[in-house]
Q: 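First, the structure itself, so that you have it in front of you.
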Amino acid sequence: MSLGRSRAVALAGLTGHLVDVEADVAAGLPGFVLVGLPDTALGEARDRVRAALGNTGAPLPARRITVNLSPASLPKAGATFDLAVAVAILAATGSLAPASAARAVHVGELALDGAVRPVAGVLPAVVAAVGAGADLVLVPVENAAEARLVPGVEIVAVADLREVVLAHGGDPAGLRASPRAPHRRVRGRDAASAGSPGAAAAGDLCEVVGQTMARGAVEAAAAGGHHLLLTGPPGAGKTMLASRMPGLLPDLTAQDALEATAVHSVAGTFDPETGLLRRPPLEAPHHTATASAVLGGGSAVPRPGAVSRAHRGVLLLDEAPEFGSRVLEGLRQPLEDGSIVVSRAAGQVRYPARFQLVMTANPCPCGHADGKGLACTCTPMMRRRYLGKLSGPLLDRIDLRVDVERVGATAAVQTPESSEVVATRVAGARAVAEHRWAGTGARTNAEVPASLLRGRHRLPRAVTAELERSLRHGWLTMRGYDRSLRLAWTLADLDGSDRPGADHVLRAAAWRQDEVAA
């Protein structure tokens, strides 16, 4: 009896678990059994590994082969285990050094000719391997640049099984190679030094003329991490304002960059040649997008949706009332928790989803309910049904709701501030907030726990009197009260004040338009 070992990584969301792969080659009727709670794609690894080894020149022996994936209780999915299974079998048959195979973590899918194909989720897999104490990871050549973003680990890029045998000190004589580049052994780069342009620039704020109040709302939203709704007629500049939000936000921290990049790695939308995502991402799904596309999902392995790909960035829902109710109502959990749980029959996974929501909407289906310009052709029932798609519980989580007026001829000739100028003020306000909330787990005013706002940082009754009056009369919910306080702190930071005054609180309340009495 011969026993070989290797290691792989099972991903549940962004969380990776190290998996021990054991291959037993014993006398008996020829067969290949794979155990350890594999899904359908992983179960088919038997046929891929058999063909890959045979076409490489190292066919499976005519014996009974049992491959165990441990821990057996952990669900395992996908073809990323192919390489680890093949290596464990090669170690059991003596084709490579067993000690070297058992030490390394292997990530990759096998082609039938023995080539090692790229897979999604390599970045979080390598992070998990390093966290579990691994110091050597073999990955496909196409995934090498992504894997090397993780510091403190030795990365070996392999193109086929022949290179795998060579990397583990085996004798590649008699093995056939695929026409690919030779394996390369390098240290991972320091994630803090890797650069990436992140999301492409979406234009400059100076291109938006007029809209002084709406521009101020966008600046406040960027400074405090608040959610924003812009309502106004077509052509007023709502979409332009909303799409400029990422350009006002500061660069991601090293930890946020790694986490955001890991999400895109799992989603298969990451280009490793650009390095870590350094700029806040912008996700703008079309209003016909399904709930699974926006919130995340999939039939077997749940994949991150737009809310997770927008992690630490901006989720833009243009023409928000046109989105499906399941999409809009599904936003309530991530808006509150900063993460989203995707549940399927086989289990559930949690993805990070701490984004800034920016929504735009017309006042009615035709867009002319403001009484200016063209006459509105919508019936009262059509208007109620249209705006009714934005439910009260969803709107209660939006800190700023601003009317965007039509632009007049005078505003069209003005020269507004650029994104660079506004971003400087935003960065200053964020720095003040981060210093104030240091040690609380919050970095922006929008993340501050309500217990702090009503405890150690409680404002005088004279400052919050109007909010308390609105709360007593039911014009403001408790959530709205707390969110108004958070926004007031942001307005104070932008003004350079140590603490919010009554004017800051009133301005914050005014931006929650229909929850505060006139």
Side-chain angles (χ1 to χ4, degrees), residues 9 11 13-14 16 80 107-109 116-130 137-159 180-181 183-204 243-285 293 296 303-316 351-356 419-420 423 427:
V9 176
L11 286 178
L14 297 189
T80 62
V107 179
E109 177 183 347
V116 182
R117 288 177 169 169
V119 293
V122 167
L123 182 63
V126 176
V127 170
V130 174
V137 181
L138 274 70
V139 300
V141 169
E142 291 87 345
N143 291 131
E146 180 179 348
R148 290 170 185 150
L149 295 174
V150 183
V153 62
E154 191 173 5
I155 300 298
V156 178
V158 292
R180 301 206 185 185
H183 79 279
R184 295 177 294 277
R185 187 182 294 254
V186 297
R187 299 294 300 181
R189 289 188 293 168
D190 185 352
S193 65
S196 169
D204 197 286
S243 63
R244 270 59 177 174
M245 174 77 82
L248 306 182
L249 302 178
D251 289 345
L252 300 180
T253 64
Q255 179 60 36
D256 289 344
L258 189 62
E259 195 171 49
T261 305
V263 172
H264 284 264
S265 174
V266 173
T269 57
F270 171 56
D271 180 7
E273 297 303 323
T274 64
L276 292 178
L277 298 177
R278 284 301 184 189
R279 292 295 303 147
L282 170 66
E283 288 289 328
R303 295 295 183 185
V307 296
S308 296
R309 296 194 303 272
H311 180 60
R312 294 300 178 184
V314 175
L315 177 67
L316 169 58
Y351 287 112
R354 189 166 294 283
F355 56 86
Q356 282 189 247
S419 292
E420 183 179 4

Q: Listed by chain and number, what are the side-chain hydrogen bond (donor to acceptor under 3.5 Å, both in side chains) partners of Glu109, not counting sequence neighbours?
A: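 For Glu109 there are no side-chain hydrogen bond (donor to acceptor under 3.5 Å, both in side chains) partners, ignoring immediate neighbours.
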
Q: Side chain to side chain contact (heavy atoms under 4.5 Å, CB included) between Leu249 and Gln356: does it pass, once the steps are laid out?
A: CA-CA 11 Å; Leu249 302 178; Gln356 282 189 247; 3.5 Å; yes

Q: For the residue pair Ala144 and Val139, what are the closest heavy atoms and their distance?
A: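 For Ala144 versus Val139, the nearest heavy atoms are CA-CG2, 3.9 Å.
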
Q: Applying the side chain to side chain contact (heavy atoms under 4.5 Å, CB included) test to Leu123, which of Leu14, Asn143, Thr261 qualifies?
A: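 Result for side chain to side chain contact (heavy atoms under 4.5 Å, CB included) with Leu123: Thr261.
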
Q: Where the side chain of Arg244 meets the backbone of Asp204, is there a donor-acceptor pair that is under 3.5 Å apart?
A: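 Such a contact is found between Arg244 side chain and Asp204 backbone.
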
Q: Checking side chain to side chain donor-acceptor pair (under 3.5 Å) for the pair Asp256/Thr253: CA distance, chi angles, key distance, verdict?
A: CA-CA 5 Å; Asp256 289 344; Thr253 64; 3.2 Å; yes

Q: Start with the C-alpha distance between Leu282 and Leu316, add both sets of side-chain angles, then the distance that settles side chain to side chain contact (heavy atoms under 4.5 Å, CB included), and finish with yes or no.
A: CA-CA 7 Å; Leu282 170 66; Leu316 169 58; 4.1 Å; yes

Q: Going through the checks in order, is the side chain to side chain contact (heavy atoms under 4.5 Å, CB included) test met by Phe270 and Glu146?
A: CA-CA 9 Å; Phe270 171 56; Glu146 180 179 348; 3.6 Å; yes

Q: Using the side-chain hydrogen bond (donor to acceptor under 3.5 Å, both in side chains) rule, pick out the option among Arg354, His264, Glu259 that qualifies with His311.
A: Glu259

Q: Run the salt bridge (Lys or Arg N to Asp or Glu O under 4.0 Å) test on Arg279 and Asp251 for me, step by step, so that the C-alpha distance in whole Å, both residues' side-chain angles and the decisive distance to 0.1 Å come before the verdict.
A: CA-CA 5 Å; Arg279 292 295 303 147; Asp251 289 345; 2.7 Å; yes

Q: What are the two closest heavy atoms between Ala125 and Val9, and how far apart are they?
A: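 Reported closest heavy-atom pair: O-CG2, 3.6 Å.
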
Q: Side chain to side chain contact (heavy atoms under 4.5 Å, CB included), that's the test. Do Val150 and Ile155 meet it? Break it down for me.
A: CA-CA 9 Å; Val150 183; Ile155 300 298; over 6 Å; no

Q: Tell me the closest heavy-atom pair linking Ala353 and Ser308, and the distance in Å.
A: CB-OG, 4.2 Å

Q: Is there side-chain contact between Val107 and Leu138, with heavy atoms separated by less than 4.5 Å?
A: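 No, their side chains stay 4.5 Å or more apart.
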
